[in-house]
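Below is one structure, written out as structure tokens, with a few remarks after it.
The first residue of the sequence shown is numbered 1, and numbering continues consecutively from there. Whatever order the structure lists ligands and atoms in, that order sets their numbers, starting from 1.
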Amino acid sequence: MRTRTREPQTLGSEGTLDRMARILAARNIDPATVAALAEEHEPFSLLDLLSAGMPPRYQGAVADHPTVLAWARDVAEAAVAPSVGARRQVTTGPSLLMAGVVGAGKTYQAYGAVRHLVQSGLGVRWRATTAADLYAELRPRPGTDSERELAAVARCPLLILDDLGAAKASDWTEEITYRLINRRYTHMLPTLITTNLRISDLRAYLGDRVASRLVEMTTRVEFEPVDRRRHRTAA
Ligand SMILES: Nc1ncnc2c1ncn2[C@@H]1O[C@H](COP(=O)(O)OP(=O)(O)O)[C@@H](O)[C@H]1O
Ligand SMILES: [Mg+2]
């Protein structure tokens, strides 16, 4: 009787690396960059980076804003292991409100901050959405359970809520924002919020209930009014 043997598929074997190279290429990620990152930050596997689910544009984002780094440190310090010997997980922590003009680098810092936490070896369950996408996804329509989706976003341990204040406001968006922020405020879940609005204009857009909670739960950062996208094309 013949027995078929299969090459064991370990991370170091040719097959796996080839497959990984294909996945990286499909996602527009330069494998050389990934390998350099992996070497730079031990212990850190390529699989970690892939599973972190970063969008290609911000895959290499490195948080370097002092307030953002301080936030990441606070969140890392608050992380707890669910059981003895288990990897520490992001649980509760402070939030950050990053305000600045389009192209100032807010989304970059937000993803950079998540990457920083992942690289420091913490277990990070996170999600990212723009406020506009979230409202679109939550619009009641047949076949979707909007309440369930809102609950999932609201209780995700770490959330990037991008471009708050960019979508057209209505009583309905105000209510959704209130329920989301109130949930995260109550459970003290770390949230990275970006906005194009000036902090002083946020209250008018978001309403008092949300604005007052944001004041208490976030550290606020105003970015330099420089559009990095425009600078890049001009250079
Ligand atoms: N510190 C940085 N170093 C290198 N590129 C950056 C940095 N900050 C932002 N960028 C790049 O500048 C562009 C605009 O940044 P982004 O974070 O999308 O701006 P915003 O979210 O404020 O509109 C993006 O292409 C981003 O990758
Ligand atoms: Mg952005």
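Residue-environment remark: CG (Asp145) exceeds the threshold of 12 foreign heavy atoms within 6.0 Å. Heavy atoms of other residues, nucleotides or ligands lying less than 6.0 angstrom from CZ of Arg148 number 12 at most. For Arg57, the CZ atom counts as loosely surrounded, since its 6.0 Å shell holds 12 or fewer non-hydrogen atoms of other residues, nucleotides or ligands.
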ask   = Is there a salt bridge (charged side-chain N to carboxylate O under 4.0 Å, His left out) between Glu77 and Arg88 once you walk through the steps?
value = CA-CA 10 Å; Glu77 267 171 26; Arg88 289 164 66 238; over 6 Å; no
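Listed by first and then second residue, the salt bridge (charged side-chain N to carboxylate O under 4.0 Å, His left out) pairs involving residues 176-197 are Glu147-Arg179 (not counting sequence neighbours).
Taking backbone and side chain together, Thr194 holds no N, O or S atom under 2.8 Å from the Mg ion (ligand 2).
Between Tyr111 and Tyr58, the ring planes lie parallel to each other; the angle is under 30°, not in the 30° to 60° tilted range.
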Name each N or O atom in ligand 1 that is under 3.5 Å from a protein N or O, and give the partner atom and the distance.
unit_1	atom_1	unit_2	atom_2	d
ligand 1	3 (N)	Tyr108	OH	3.4
ligand 1	8 (N)	Arg228	NE	3.3
ligand 1	17 (O)	Lys106	N	3.4
ligand 1	17 (O)	Thr107	N	3.2
ligand 1	17 (O)	Tyr108	N	2.8
ligand 1	18 (O)	Tyr58	OH	2.5
ligand 1	18 (O)	Arg229	NH2	2.8
ligand 1	19 (O)	Gly105	N	3.1
ligand 1	21 (O)	Thr107	N	3.0
ligand 1	21 (O)	Thr107	OG1	2.7
ligand 1	22 (O)	Ala104	N	3.1
ligand 1	22 (O)	Gly105	N	2.9
ligand 1	22 (O)	Lys106	N	2.9
ligand 1	22 (O)	Lys106	NZ	2.7
ligand 1	23 (O)	Gly103	N	2.7
ligand 1	23 (O)	Arg229	NH2	3.4

